[in-house]
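Step one of this worksheet: look at the structure below.
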Amino acid sequence: KAGVTQTPRYLIKTRGQQVTLSCSPISGHRSVSWYQQTPGQGLQFLFEYFSETQRNKGNFPGRFSGRQFSNSRSEMNVSTLELGDSALYLCASSLVGSGNAYNEQFFGPGTRLTVL
Amino acid sequence: GIQVEQSPPDLILQEGANSTLRCNFSDSVNNLQWFHQNPWGQLINLFYIPSGTKQNGRLSATTVATERYSLLYISSSQTTDSGVYFCAVDRGSTLGRLYFGRGTQLTVWP
């Protein structure tokens with residue numbers, strides 16, 4: 001079974017631009033979560049989607065948004081990029097269901113975003 | 001949110017040595033995962049261990065949920081074990097949100 005995939009793997013943008021990152025979950029997984037990793041703040045939760053609905057959101061400004069499609073693929077968008085948005089963006093998928101084992105999260109390789 | 005503390009922050013070993021990484025968490029949790037972040041940034045699942053003990057080759061983990069800590073044991077370290085090890089937890093109410101520790105940076109020298 002294929003793992004979580006993320007595209008693109010690397011991105012270079014300039015301040016003020018916007019960017020869209022894509023995440024395809026493991027087949028059959030219905031939940032997708034997004035995280036931002038920086039050296040200063042570590043791994044921080046952005047948001048989670050399940051059945052095309054955002055169920056949970058971290059403490060990030062409204063410039064960060066996302067969505068999920070009917071096939072469970074997810075995208076996140078960052079508008080008006082700032083230098084501080086430079087980070088590794090990771091997405092994770094999980095099955096979701098009754099029983100704890102369904103909540104194990106599996107991560108993609110990440111998208112490394114550099115804002116100049 | 002839940003506070004997750006990992007220790008030690010840095011660990012330097014020679015090949016063949018054993019090590020123990022610790023993860024303390026501040027509240028009751030439904031799930032706990034251990035990850036190894038490879039040099040390219042991907043988080044590799046090591047254990048899904050909300051309670052009890054599991055073993056996978058040279059690695060094993062134990063979670064004592066009632067005392068709010070988990071331990072990751074690495075035996076006979078190899079250079080390929082180098083990297084950052086993360087502990088992450090979630091509560092059933094947090095809907096897909098994992099709370100991460102700051103990680104333990106492990107360096108194994110030949």
Side-chain angles (χ1 to χ4, degrees), chain A residues 3-6 9-10 25-26 29-51 53-60 66 68 72 74 87-113, chain B residues 1-10 21 23-52 54 56 61 63 65 70 83-105:
Chain A
V4 179
T5 59
Q6 291 186 245
R9 295 292 311 278
Y10 301 92
I26 292 171
H29 284 196
R30 299 161 66 195
S31 167
V32 174
S33 299
W34 288 89
Y35 297 84
Q36 180 197 64
Q37 186 178 26
T38 59
Q41 300 298 317
L43 278 148
Q44 294 186 288
F45 173 78
L46 282 156
F47 27 65
E48 186 262 3
Y49 287 88
F50 174 73
S51 291
T53 300
Q54 185 183 91
R55 298 194 301 176
N56 201 354
K57 189 177 190 305
N59 189 25
F60 278 82
Q68 187 180 36
S72 295
S74 177
L88 179 66
Y89 290 87
L90 294 162
C91 83
S93 73
S94 60
L95 269 173
V96 179
S98 59
N100 285 338
Y102 286 90
N103 297 321
E104 182 176 5
Q105 293 194 18
F106 297 84
F107 282 78
T111 295
R112 195 167 294 276
L113 172 65
Chain B
I2 305 173
Q3 306 303 311
V4 181
E5 292 183 2
Q6 291 187 243
S7 60
D10 297 280
L21 283 59
C23 170
N24 293 333
F25 41 96
S26 62
D27 204 346
S28 59
V29 298
N30 269 18
N31 306 314
L32 187 145
Q33 292 185 243
W34 282 98
F35 297 95
H36 177 212
Q37 188 164 40
N38 68 20
W40 298 272
Q42 184 161 9
L43 290 171
I44 307 300
N45 289 44
L46 296 177
F47 293 101
Y48 177 85
I49 185 165
S51 64
K54 290 185 178 180
N56 184 2
T63 297
S70 182
V84 184
Y85 290 79
F86 288 100
C87 165
V89 302
D90 80 59
R91 295 191 292 226
S93 60
T94 53
L95 297 175
R97 176 176 188 162
L98 285 174
Y99 293 85
F100 281 84
R102 295 307 298 260
T104 292
Q105 173 75 58

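The sequence lines fix the lettering, A, B, ..., with proteins before strands; numbering per chain opens at 1.
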Stepwise salt bridge (Lys or Arg N to Asp or Glu O under 4.0 Å) test for D90(B) and R97(B)
CA-CA 6 Å; D90(B) 80 59; R97(B) 176 176 188 162; over 6 Å; no
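Contacts between L90(A) and chain B at a heavy-atom distance below 4.5 Å involve the side chain alone, from C-beta outward. Heavy atoms of Q37(A) lying under 4.5 Å from chain B belong exclusively to its side chain. If you measure heavy-atom distances from Y35(A) to chain B, the contacts under 4.5 Å come from the side chain alone.
Note: P109(A) leads G110(A), G42(A), P109(A) in heavy-atom pairs under 4.5 Å with chain B.
Under the side chain to side chain donor-acceptor pair (under 3.5 Å) rule, E48(A) has a single partner from S33(A), S74(A), S31(A), which is S31(A). Residue V89(B) forms a side chain to side chain contact (heavy atoms under 4.5 Å, CB included) with just one option from L98(B), T63(B), L32(B), N31(B), and that option is L32(B).
Ring geometry, H36(B) versus Y85(B): the interplanar angle falls under 30°, so the pair is classed parallel (tilted spans 30 to 60°).
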